[in-house]
Amino acid sequence: MKFAPFDYVCTRSLAEVYDLIEARGPDARILAGGQSLLTTLALRLSEPSVLLDIGGLQELRFIEERNGAIHVGALTRHCELETSPLIAARLPLIAQAMPHVAHAAIRNRGTIGGSLSLADPAAELPACMLALDAAIVLASRDGERRVRAEAFFKGLYHTDVRPGELLVRVEITPLEKEWRFHFAEFSRRRGDYAMVGLAAAARGPGPLPEELRLAFLGCGDRPVRAREAERVASGSASAPRAERYSALRRALEKDLEPQSDPNASSETRMHLAAVLADRAIEALSG
Amino acid sequence: MNSFKGVVGTSVARPQARRFVFGRGRYTDDLRIAGTLHAVFLRSPYAHARIEAIDLDAARTVPGVVAAFDGKAIASVCAAWTAQFATLPDHRSAAQPPLAVERALWQGQPVAIVVADTRAIGEDALGLIEVQWHELEPLPHPVATAVADPAHPPLHAALGTNIAYERCIVAGDPDTTLAGADRVIKRRFQFTRHTGVPLETRTVLAEFEPGLRRLTVYQSTQVPHQMRAIYAELLGLSEANVRVIVPDVGGAFGVKLHLYDDEIAVAAASMLLGRPVKFVSDRLEAFVSDIHARGHTVDASVAVKNDGTVLGFEVDDIMEMGAYSVYPRTSVGEGLHAISLTGAPYAAPALRARLRAVFQNKAPVGSYRGVGQPIACGITEHLIDAAAAELGIDPAEMRRRNFRRAGIDPPKTAGGIAAGDLSHQRCLERLLQLMDYDGLCAERASARKAGRHLGIGIAAFVEMTAPGTGLYGAAGVKIACSDGCTLRLEPSGVVTCVTGATDQGQGSDTGMVQLIGDALGLDFDQVRLVAGDTAVTPVGGGTWASRGLVVGGEAALGAAHALRDRLIDIAAALLDVRRDALVLSASAVRERDGAKSLSLAELGGMMHYRQDLLPSEVERSPVVTFHVVPTGLIANGIQASLIELDPESGFVKPLRHWVVEDCGRVINPMLADEQLRGGVVQGLGEALLEECRYDERSQLQNATLADYLVPMASDMPDIVIDHVHTEVTGTLLGAKGIGEAGTIGAAAAFVNALNDALRAFGCAISEIPCTPERVLRALRRVP
Amino acid sequence: MNDSMAARPAPLVTVTMTVNGRSVTRSVEPRTHLIDFLRNELDLTGSHLGCEHGVCGACTVRVDGDIVRGCLVLAVQLEGARVETIEGISASGEITDLQEAFVRRNALQCGYCTPGMLMCAAEFLRTRPSADREAIRDFISGNYCRCTGYHAIVDAIAETVEARRSAKGRGGHR
């Protein structure tokens with residue numbers, strides 16, 4: 001299927017983007033890497049009247065350390081996150097997650113800003129932002145505002161981006177040295193969107209985690225921090241596997257509201273979430 | 001002197017591959033014909049609906065739209081068709097129109113055609129077509145209409161029932177036999193609908209020349225001559241005025257073997273407009289318009305004695321048909337294979353096998369790689385393993401005890417298949433050696449101690465290849481089971497082969513060139529091949545039912561022998577030596593033990609330019625043609641699968657796969673092995689990933705390539721291949737087909753391996769694909 | 001479907017890019033994706049559409065040195081970009097050894113996935129050459145092949161990795 005017709009503007013500056021968002025209204029869509037947007041257009045699932053291409057705004061393409069935080073520009077491509085020494089050293093959770101994102105040809109164009117703005121609940125990066133407690137920076141003509149990841153994702157393909165705003169970067173303060181990280185997911189095939197996935201972090205000077213962060217993907221209408229399971233898990237890391245699975249499962253029933261779809265029932269997703277949590281604790285212990 | 005080495009039996013690389021690796025394939029959509037228009041189709045969004053009115057006016061006003069036609073307009077130049085076999089008089093079949101008129105019977109059935117300057121403009125115009133639909137209830141599941149509610153209003157009222165075809169095979173007094181059994185093991189099987197997903201979608205470019213009333217159709221098809229006959233018949237043209245040309249074909253697998261309503265509507269549009277019209281199916285419409293396959297709900301059982309002797313099988317197959325029986329081959333072959341081949345590798349005398357093929361409001365089901373044979377294999381091999389497990393007999397030993405024995409058991413199977421001389425026993429022994437069966441069993445045991453769950457599964461199969469004229473000719477259907485080959489000695493001494501066979505990359509072209517080269521003492525690169533043009537090539541069947549090289553190669557070999565004899569006749573006269581003293585070698589006719597010779601270039605030159613030098617008493621034409629009528633050859637083989645089950649997640653990973661196959665003589669081992677490997681992965685796709693998922697309104701839920709999961713490289717194992725060679729008598733070639741063998745046995749071997757691993761948990765699975773959720777359900781970890 | 005849009009195509013946009021080393025300028029509808037641009041505007045038919053929604057990999061081409069899905073890139077996004085297709089990297093000789101290995105090993109049948117598969121394999125050879133079969137399978141797992149079952153493709157890539165490695169070891173040009 002061919003794309004429905006649309007106008008195209010190659011923007012030269014953020015100021016121009018803000019003007020165009022205002023002028024063209026809700027039928028305008030921002031085109032970054034295009035890897036999700038053009039797919040939906042290819043299915044004629046949406047037919048915007050104009051695409052505002054921000055791909056040439058080089059000022060949005062960077063990975064830097066500033067004042068102890070890692071700043072990642074919205075146009076940073078998945079392949080750049082995947083191969084960045086700074087990301088590998090300071091945000092290893094993201095480095096672990098990137099190979100699970102689609103395939104090389106997609107990662108070469110897909111951007112972090114595009115992925116987070118789309119807010120697909122089965123995508124990897126939103127869950128990583130949650131686990132790392134990232135700040136999402138939204139800019140408009142009136143200036144910038146920071147939104148914590150957990151408040152940014154508001155529902156299925158729904159974020160806190162307001163009319164006139166553009167996601168310009170994320171800021172992540174790396175967790176201290178005592179933290180260990182684990183990313184895993186169940187997907188039918190390599191590179192597919194996950195049925196269920198987990199971005200996990202654990203802190204503890206000793207082998208057993210004392211503090212845990214479990215951020216799930218594919219388990220609801222948005223990425224979800226499983227706080228009850230985090231609480232239960234911190235106490236049951238040394239429990240026998242079967243017992244730990246049951247405790248996690250009970251906790252996750254409170255944390256998650258996975259939907260049924262033709263790929264998997266909500267029960268299956270809940271079960272797989274508990275398996276992932278259990279395995280994450282195993283991996284993060286010792 | 002005789003430096004010529006033949007290449008038959010060696011792994012010669014395919015010369016054609018050199019075009020493809022440089023991006024120089026020429027597929028139908030790569031052709032450029034001046035003035036070509038682009039066709040798009042409005043398809044029914046409902047599985048079942050009345051069309052109260054269609055308004056095309058708004059679509060016609062879009063700049064760049066040239067024309068738009070509804071079903072009535074297309075029907076003015078294209079007749080409807082009904083798939084019927086004289087040999088299956090009980091098959092109830094309804095007339096299918098090129099575009100739906102008054103009623104749409106499945107989601108995706110074409111309703112209107114828009115012809116425009118570009119595909120994109122045509123798609124824009126589709127959005128402006130106004131149709132007044134009146135949605136109707138789709139038929140319920142076939143099991144409901146066949147069993148629970150046979151009085152359900154029929155989809156085709158004139159047929160009086162939703163059962164399109166019913167057949168029962170009874171052999172070997174099953175009642176008495178089964179009464180004497182120690183155990184009867186029953187299972188309910190579910191084989192989900194799949195589709196073929198060739199990477200190049202269906203593509204057709206029709207060019208009608210109004211002055212001469214000639215139609216040329218460039219088409220991605222397996223069967224040019226079949227399509228020529230159909231286009232002529234349904235479009236009211238003389239067959240002599242229809243030419244079908246087949247450019248490169250980007251995969252087919254049975255999908256490009258049938259008449260499609262949209263494709264003939266494109267030809268009709270070209271006739272109405274007097275312009276070339278092209279249609280390239282997009283992937284989304286491919287999922288709802290390509291034929292589907294499989295779709296069986298089967299209750300089956302095996303009866304055994306406590307000593308492991310298999311006494312017989314019972315099968316009750318309810319097969320999904322879709323809205324129409326596919327033209328011209330019908331849709332029932334899938335079911336007929338499923339029931340007649342159940343139990344085929346085994347000596348068990350008793351069989352009761354019932355088939356009911358049932359209409360649905362879904363895409364039509366047609367012949368796809370394997371055609372029902374994977375179903376028969378899946379049922380049989382699952383039951384054999386289940387019986388072996390109940391009796392505590394090793395699965396390999398169970399098969400060893402029960403395989404048919406050549407020369408001892410009756411020549412026909414209980415299902416009526418002439419599979420008397422197959423090498424099941426030898427294939428099994430070779431397989432066990434190849435895979436180191438005992439070693440693997442030990443590995444499985446030690447893995448289990450370490451908490452890993454490996455499974456080993458075996459599946460034996462038979463493969464029906466190269467069928468004879470009884471299949472279609474006797475049914476009154478214009479599909480050639482024969483093939484022809486014309487060989488022409490060129491003035492340069494090169495030989496041109498013009499064949500009716502078609503090649504979609506399998507390598508049958510290469511095999512034919514090998515055969516011709518060896519027979520004529522020519523180097524491999526001294527043979528040229530021409531195929532895929534009904535104006536040029538001998539009438540032939542094309543490619544289907546594992547017949548391309550078997551029939552096309554036989555014709556090529558027959559033609560090569562005839563040309564060889566003619567060249568020897570001429571050379572014997574010119575050189576004044578006895579015929580039997582001459583051989584063809586190293587591009588020349590030579591004295592076996594002497595110095596005299598005439599090169600093929602010399603002979604070719606004389607046969608074209610200096611006939612005056614040739615002896616008048618021998619045939620001097622540089623052209624020979626040879627036609628072959630096959631009688632059907634049954635091949636066999638066995639596969640094994642090693643898998644790892646993650647019982648917590650329900651995910652199953654194929655680790656390794658083995659095939660031992662017996663197609664007699666192997667013309668090109670590399671190409672034969674790659675046919676098997678590709679087929680295995682298609683079978684593993686069926687077992688693990690692929691399914692057409694419909695909802696209760698018969699809406700296809702996963703009609704994108706992101707949602708219909710095909711096997712990709714990282715999901716698939718390495719595949720080890722070996723061959724057993726049983727002599728094939730009665731043909732020059734000595735080879736049987738191999739094209740579907742991989743697909744026939746792979747899913748069964750995989751499912752048996754999975755069930756081997758699941759046995760530790762006291763459960764089993766008999767529904768494919770084996771999704772993680774289905775596995776978790778079998779394990780009772782999720783409801 | 002937006003009715004007014006269907007009757008009113010968007011204004012054409014003029015774009016200049018380098019394709020296989022040659023500068024080309026065309027005015028195209030903004031909705032034209034790179035593969036339709038290559039095939040219809042430039043008659044470079046080696047790049048194929050298999051799904052046209054970003055899944056099958058048949059449309060894999062290079063943009064500014066990296067592989068992309070050509071059906072998920074608009075031609076108008078590529079102002080000033082450097083595009084390479086199977087035709088270009090065949091002519092340059094960059095993957096002659098890989099192409100030979102594909103032919104020798106019969107790592108293709110119908111050939112429709114082959115240009116995309118070769119572009120993908122070339123990226124693997126360039127960025128992370130390894131003869132490890134799992135690594136190869138992982139890397140090409142975004143490219144669908146219905147014919148081969150992948151085994152022969154993995155063989156051909158692994159063989160090329162080994163051959164390049166030993167050529168390097170012998171002081172070869174690679």
Side-chain angles (χ1 to χ4, degrees), chain B residues 13-14 16-27 29-30 32 58 61-64 120-121 124-128 196-201 248-253 282-284 504-507 670-671 674 677-682 704-706 710-716 718-719 742, chain C residues 1-3 5-7 9 29 31-32 36 39-40 43-56 58 85-87 90 98-100 102-106 108-115 118 133-134 136-154:
Chain B
R14 287 162 52 222
Q16 294 300 320
R18 288 192 184 281
R19 290 192 300 116
F20 296 121
V21 295
F22 295 119
R24 290 175 178 269
R26 280 290 172 272
Y27 304 91
D29 191 32
D30 299 338
R32 300 288 181 262
T61 65
V62 173
I121 291 170
D124 296 344
L126 289 184
L128 301 180
V197 203
L199 187 53
E200 181 211 26
T201 51
D248 288 327
V249 173
F253 315 108
D282 78 14
R283 183 58 62 193
L284 307 175
Q504 296 83 43
Q506 297 91 331
M670 175 170 72
L671 302 188
E674 293 314 317
R677 289 196 172 97
V680 163
V681 164
Q682 255 172 309
T704 78
L705 203 58
V710 289
M712 305 299 271
S714 59
D715 311 300
M716 291 296 124
D718 281 344
I719 300 160
Chain C
M1 182 81 229
N2 181 332
D3 291 8
M5 288 305 292
E29 276 196 85
R31 63 164 147 178
T32 310
D36 275 352
R39 292 177 57 84
N40 299 337
D43 275 346
L44 292 170
T45 54
S47 303
H48 298 144
L49 291 172
C51 71
E52 218 173 5
H53 49 265
V55 185
C56 74
T85 70
I86 185 67
E87 290 91 345
S90 295
L98 182 67
Q99 288 164 319
E100 290 294 333
F102 265 57
V103 172
R104 206 163 47 236
R105 184 56 193 86
N106 204 49
L108 63 143
Q109 290 178 29
C110 81
Y112 200 79
C113 76
T114 308
L118 287 167
R133 299 182 73 81
E134 283 304 307
I136 295 170
R137 284 182 179 277
D138 271 1
F139 197 83
I140 64 169
S141 66
N143 288 66
Y144 172 49
C145 169
R146 189 55 137 176
C147 298
T148 63
Y150 303 106
H151 183 128
I153 296 174
V154 177

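So you know, we letter chains A, B, ... as the sequences are listed, proteins then strands, and number each from 1.
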Inset, instruction - Determine the option with the most heavy-atom pairs under 4.5 angstrom with chain C, choosing from B:Ala252, B:Gly250, B:Gly507. - result: B:Gly250
Legend entry - Heavy-atom proximity to chain C below 4.5 Å, by part of B:Gln504: backbone
Inset, instruction - Check whether B:Asp718 gets within reach of chain C through its side chain, its backbone, both or neither, counting any heavy atom under 4.5 Å. - result: both
Legend entry - Residue B:Arg26 versus chain C: region with a heavy atom under 4.5 Å: side chain
Inset, instruction - Measure C:Asp36 against the heavy atoms of chain B and call it side chain, backbone, both or neither at under 4.5 Å. - result: neither
Inset, instruction - Against chain B, label C:Arg104 side chain, backbone, both or neither, depending on which of its atoms sit under 4.5 Å from a heavy atom there. - result: backbone
Inset, instruction - Name the option with the most non-hydrogen atom pairs under 4.5 Å to chain C; the candidates are B:Asp248, B:Val197, B:Val249. - result: B:Val197
Inset, instruction - Could you look at C:Arg105 and say if it's the side chain, the backbone, both or neither that has a heavy atom under 4.5 Å from chain B? - result: both
Inset, instruction - For B:Arg24, enumerate each residue passing the salt bridge (Lys or Arg N to Asp or Glu O under 4.0 Å) test, keeping only those at least two apart in sequence or located in another chain. - result: none
Legend entry - B:Phe22 portion near chain C, given a 4.5 angstrom heavy-atom threshold: both
Inset, instruction - Go through the atoms of B:Ala120 and report whether side chain, backbone, both or neither lie under 4.5 Å from a heavy atom of chain C. - result: both
Inset, instruction - Please state whether the side chain, the backbone, both or neither of C:Tyr112 comes within less than 4.5 Å of a heavy atom of chain B. - result: both
Inset, instruction - Would you mind telling me which of B:Val681, B:Asp715, B:Val680, B:Leu199 has the largest number of heavy-atom pairs within less than 4.5 Å of chain C? - result: B:Leu199
Legend entry - Residue part contacting chain B, namely of C:Glu29, when any heavy atom lies under 4.5 Å: neither
Inset, instruction - Could you give me the CA-CA distance, side-chain angles and deciding distance for C:Val103 and B:Arg19, then say whether side chain to side chain contact (heavy atoms under 4.5 Å, CB included) is met? - result: CA-CA 10 Å; C:Val103 172; B:Arg19 290 192 300 116; over 6 Å; no
